[in-house]
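Notes follow once the structure below has been shown.
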Amino acid sequence: MSSERLVVVGSLNMDLSVTVPRLPRPGETVSGADVVRGAGGKGANQAVAAARLGAQVRMVGLLGDDALGSELRERLAVEGVDDRGVRQLPGVSSGLALIVVQQDGENTITLSPGANHHLDVPALGTLTGGTLAHSADTLLLQLEVPLPTVLAAAHQARTAGALTVLNAAPLPESGRAELAELLRAVDVLVVNETEAQGLLPHAYDDWAEHAEALRALGPATVVVTLGADGAVAADAHGVCRESGFSVDAVDTVGAGDAFCAQLALSLGSGTPLGEALRRACAAGALATTRPGAQSSLPSTDEVEALLGDVTRRHEGESEVHHAC
Ligand code: ADP
């Protein structure tokens, strides 16, 4: 069992999911199955993912003082996540995500941020008692809480000597200058294809080239996730590609969160980039085999089992052009 220490500053939501035969178009109604209720929010998902993968995890974030908030806090505790940095704000609603999932796993998400939007810089200071991270920690960030708070957290972690990993999701519609500053303040950037394209004025022919171009924005390591096609990563030593794992995907919700948690833990413990990428792809793939966000997150034993099961891999070994 790993003793990696991870701090997550981010969102906590309740997810309400409905599976439909196909996603509705604007103005259209499509009937689906019964509602499935699950704990979510990219911050909490990545915190729980890391806890299941064997890390000591501290969550920093805000909930409403409603029943959903109490339930979400309880679920964090059940997962073994240190929730002393989580508070329930009086008179505020907890974050809520409305998720519609097509039968092939494709999904849309509508978000009501609620208490997550109240996580400003003073609140961050109150929740952490002024000490966010130590040098042995890895800080994992996403963009479902206010950008100035994410930026402050990244600066504090860097000052403390912690490894800072940013999953730049979802990309903000405003605050480009702050986002540019944030990219210069993090060590590792993880984005999916849409986010990768949103960060650059034009797309490159090849995702490896795109990842290299993103490195010029600041992060020493950039990882682009490519869904069923795996992921590509670039750092100062070159490029790594992982072709992904062949699994029966039922719902891709949670895949990116499992990927980010595993990647952050591996890089935080000094695992070479190529191996970290492979482990992260295994965690992401496993999360697609079960429905829901936190309910789909794999354990470290499941990741080990998939890594050992070479017959379930896409053709060939991972293509590596890197000292990894
Ligand atoms: P996001 O959900 O954030 O858009 P991706 O869809 O790229 O991110 O998924 C994150 C990671 O999860 C991928 O890099 C891949 O390793 C894994 N993954 C996602 N979908 C599948 C799939 N259908 N089969 C196997 N692995 C998958």
Side-chain angles (χ1 to χ4, degrees), residues 10-11 13 15 17 23 40-46 49 53 97 99-109 111 140-144 165-171 188-199 207-208 210-211 214 221-234 239-267 273-294 296-298 302-303 305-307 309-316 318-319:
S11 59
N13 294 322
D15 290 348
S17 304
L23 297 175
K42 286 184 189 296
N45 289 349
Q46 293 181 18
L53 293 166
I99 303 173
V100 182
V101 185
Q102 199 166 267
Q103 272 157 353
D104 63 359
E106 199 59 57
N107 64 77
T108 67
I109 303 174
L111 193 66
L140 182 52
L141 299 163
Q142 316 77 27
L143 297 178
E144 286 185 345
V165 180
L166 171 67
N167 175 209
L171 279 188
V188 182
L189 171 69
V190 187
V191 281
N192 66 14
E193 292 154 288
T194 310
E195 292 141 9
Q197 284 173 332
L199 285 172
W207 285 114
H210 203 100
L214 287 170
T221 303
V222 171
V223 177
V224 181
T225 65
L226 307 172
D229 293 331
V232 59
V239 168
C240 294
R241 295 174 202 264
E242 171 56 50
S243 55
F245 291 78
S246 181
V247 292
D248 294 326
V250 296
D251 169 2
T252 61
V253 176
D257 296 326
F259 182 101
C260 289
Q262 180 62 75
L263 186 84
L265 292 181
S266 295
L267 294 178
L273 184 59
E275 194 186 328
L277 197 64
R278 189 160 173 262
R279 290 189 77 87
C281 280
L286 285 164
T288 72
T289 62
R290 291 184 288 250
Q294 289 177 21
S296 72
L297 299 171
E302 289 174 302
V303 171
L306 182 54
L307 286 169
D309 187 2
V310 287
T311 57
R312 292 177 66 189
R313 299 283 309 275
H314 275 298
E315 62 226 45
S318 51
E319 186 195 332

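Whatever order the structure lists them in is the order used to number ligands and atoms, beginning at 1.
- Between Asn192 and ligand 1, a contact under 3.5 Å exists for at least one N or O pair.
- With respect to Leu166, the side chain to side chain contact (heavy atoms under 4.5 Å, CB included) criterion is satisfied by exactly one of Val191, Val190, Leu189: Leu189.
- Listed by atom number, the atoms of ligand 1 under 4.0 Å from Gly256 heavy atoms are 2 (O), 3 (O), 10 (C).
- Listed by number with element, the atoms of ligand 1 under 4.0 Å from a non-hydrogen atom of Ala249 are 23 (N).
- For atom 8 (O) of ligand 1, the candidate residues are Val190, Val232, Thr225; the nearest heavy-atom contact is made by Thr225.
- By heavy-atom distance, the residue among Gly227, Ala285, Ala231, Cys281 lying nearest atom 6 (O) of ligand 1 is Gly227.
- Each of the atoms 11 (C), 14 (O), 16 (O) of ligand 1 lies under 4.0 Å from some heavy atom of Phe259.
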Worksheet item: What do the steps show when you test Leu277 against Phe259 for side-chain contact (heavy atoms from CB on, under 4.5 Å), and what is the final call?
Response: CA-CA 9 Å; Leu277 197 64; Phe259 182 101; 4.0 Å; yes
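- Within the structure, ligand 1 lacks Gly244 among the residues with a heavy atom less than 4.0 angstrom away.
- A donor-acceptor pair under 3.5 Å is formed between the side chain of Glu195 and the backbone N or O of Asn192.
- For the pair Glu242 (side chain) and Ala231 (backbone), a donor-acceptor distance under 3.5 Å is absent.
- Per-residue contacts place Phe245 under 4.0 angstrom from the following atoms of ligand 1 (heavy atoms of the residue considered): 24 (N), 25 (C).
- Atoms of ligand 1 lying under 4.0 Å from at least one heavy atom of Leu226, given by number and element, are 7 (O), 14 (O).
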Worksheet item: Under the side-chain contact (heavy atoms from CB on, under 4.5 Å) criterion, do Val100 and Leu23 qualify, and how do the steps go?
Response: CA-CA 7 Å; Val100 182; Leu23 297 175; 3.9 Å; yes
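- With sequence neighbours left out, the side-chain hydrogen bond (donor to acceptor under 3.5 Å, both in side chains) criterion links Ser11 to Glu144.
- The backbone and the side chain of Ala228 each have at least one atom closer than 4.0 Å to an atom of ligand 1 (non-hydrogen atoms only).
- A donor-acceptor contact shorter than 3.5 Å links the side chain of Ser296 to the backbone of Ala287.
- Atoms CD and CG, on Glu193 and Asp229 in that order, are 7.5 Å from each other to the nearest 0.5 Å.
- Evaluated by nearest non-hydrogen atom to atom 24 (N) of ligand 1, the leading choice among Val247, Leu286, Val191, Val224 is Val247.
- In summary, the atoms of ligand 1 found under 4.0 Å from a heavy atom of Gly230, numbered by their order in the structure, are 13 (C), 14 (O).
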